[in-house]
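A, B, ... follow the sequence lines: proteins, then strands. Residue 1 opens every chain.
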Number of protein chains: 2
Amino acid sequence: MKKTKLSSTNQVNKTYLEDVCMGAYALGIIGSRWKFSIFFYLKDRPMRFSELKQSVQGITERMLALNLTEMERDKLLTRTVFAEVPVRVVYELTPIGMALTPVWDQLGNWGMQHKDIVSEDESKSM
Amino acid sequence: MKKTKLSSTNQVNKTYLEDVCMGAYALGIIGSRWKFSIFFYLKDRPMRFSELKQSVQGITERMLALNLTEMERDKLLTRTVFAEVPVRVVYELTPIGMALTPVWDQLGNWGMQHKDIVSEDESKSM
DNA sequence: TAAGGAGGTTACAAAAATGTAAGTAGTATG
DNA sequence: CATACTACTTACATTTTTGTAACCTCCTTA
């Protein structure tokens, strides 16, 4: 799927870190640009490709397809094809994908705290 | 600090997502390669540059300095210079930096669950 | 004067992630 | 046969991240 150069120092470092450190491993799976947004919509209900395309503001078909493929490979979601005409493809979170909910929540809470602190500091220094 | 092209679609998308979505915002701050490792060592005690360099397997001076600068800018840690000879520079997590501990923990736990599921599936299919 | 340690910085190169635009496959309907 | 629809895929360009290696500064001690 990917054309990664396995021998690059970059890749060796990445693999090593993800091997010794579960946090790095998790980030390797969920850390890319659009995955949070895709997850955000799918957690409420299964959705088809075109629905996601419309929901996830600014995403291109290429990035959506790419991320969905990776998420399927990583077992965050399942892909079901309904042989209708035109074809209907539905994406749905798996249990381990759903299990991300509290993780995302906590990450978001920390983000909010952080944003508050940073903006307080900024207003003080004015 | 960064030479980002603010007008690039890439940057516009990133900014937009981090604006509407606290999870993406948090990932923008903690999501890069070495930050987890740096955090991992600093959470136990303040450390100096050379100690971190030795502890964080495989990191180069450049990447260490770069990440520490970003983490200081983002208020995850403080940098204290002791005017000794040779100079001693100590990095220490801030409260909001420390507040990442449960976030990393949960992320790591999810990672472990995920790894288990994936390796189960692999052994089944053999 | 030279060498050495701590803590970097700089210019450059390689690799990876993201974006753009056009094309594809299968099936139906006019 | 042409068009339309969904769900992609492909070739290519741009942007960003990460790595390599050499250099720098401030002191101090030999």
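- Closest approach to the B:V89 side chain among C:dT18, D:dC8, C:dG7 is made by C:dG7 (side chain taken as heavy atoms from C-beta onward).
- Residues B:E51 and B:V85 both approach DNA chain C. Their nearest nucleotides, taken by heavy-atom distance, put B:V85 toward the 5′ side.
- Out of D:dC8, D:dG19, C:dT20, the shortest distance to the side chain of A:R62 is found at C:dT20.
- Remark: P of C:dG19 and NZ of B:K14 are 12 Å apart, rounded to the nearest angstrom.
- Among the heavy atoms of the strands lying under 4.0 Å from A:Y91 are primed sugar atoms or P, OP1, OP2 only; no base atom is included.
- Remark: A:K115 NZ is packed, more than 12 non-hydrogen atoms of other residues, nucleotides or ligands lying under 6.0 Å away.
- As a whole-Å value, the separation of B:Q54 CD from C:dG7 C1' is 14 Å.
- For C:dG8, neither phosphate oxygen OP1 nor OP2 lies less than 4.0 angstrom from any side-chain nitrogen or oxygen of B:R88.
- Of the side-chain N and O atoms in B:Q11, none sit less than 4.0 angstrom from OP1 or OP2 of D:dT15.
- The nearest whole Å value for the distance from the CD1 atom in B:I38 to the P atom in D:dT18 is 11 Å.
- Across C:dG8, C:dA15, C:dG19, the shortest atom-to-atom separation from the side chain of A:N10 is found for C:dA15.
- Atom C1' of nucleotide C:dG26 and atom CZ of A:F82 are separated by 18 Å, given to the nearest angstrom.
- Side-chain contact between B:W110 and A:M22 is absent, with no heavy atoms from C-beta onward closer than 4.5 Å.
- For the OP1/OP2 pair of C:dG19 and a distance below 4.0 Å, the side-chain nitrogens and oxygens of B:N13 include at least one atom meeting the criterion.
- With rounding to whole Å, B:E84 atom CD is found 13 Å from D:dC27 atom C1'.
- In this structure, of D:dG19, C:dT18, C:dG8, it is C:dG8 that holds the atom nearest to the side chain of B:E61.
- The side chain of B:T9 places no N or O atom within less than 4.0 Å of a non-bridging phosphate oxygen (OP1 or OP2) of C:dT18.
- With C:dG7, D:dA7, D:dA21 as the choices, the nucleotide that has an atom nearest any side-chain atom of B:V87 turns out to be C:dG7.
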**Message:** With salt bridge (charged side-chain N to carboxylate O under 4.0 Å, His left out) as the criterion, how do B:E92 and B:R45 come out once you've worked through the C-alpha distance, each side chain's angles and the decisive distance to 0.1 Å?
**Reply:** CA-CA 7 Å; B:E92 181 170 12; B:R45 63 181 178 89; over 6 Å; no
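- Taking only side-chain nitrogens and oxygens, B:S50 comes nearer than 4.0 Å to OP1 or OP2 of C:dG7.
- Checking the phosphate oxygens (OP1, OP2) of D:dT16, no side-chain nitrogen or oxygen of B:R33 falls inside 4.0 Å.
- In terms of phosphate contacts, A:S8 brings a side-chain nitrogen or oxygen within less than 4.0 Å of OP1 or OP2 of C:dA16.
- Note: OH (A:Y16) to P (D:dG19) measures 14 Å, nearest angstrom.
- A close approach under 4.0 Å does not occur between any side-chain nitrogen or oxygen of B:R48 and OP1 or OP2 of C:dA6.
- Nearest to the side chain of A:P86, among D:dC5, C:dG8, C:dT20, sits D:dC5.
- With a 6.0 Å cutoff to the six-membered ring centre and a 45° limit on the axis angle, A:K53 does not count as a cation-pi contact of A:F49.
- What separates CG of B:L66 from C1' of D:dT20 is a distance of 14 Å, to the nearest Å.
- The ring pair (Phe, Tyr, Trp, His ring centres under 6.0 Å) test applied to B:Y91 returns no partner, not counting sequence neighbours.
- Annotation: cation-pi pair B:K35/B:F39 absent, no NZ/CZ under 6.0 Å from the ring centroid and within 45° of its normal.
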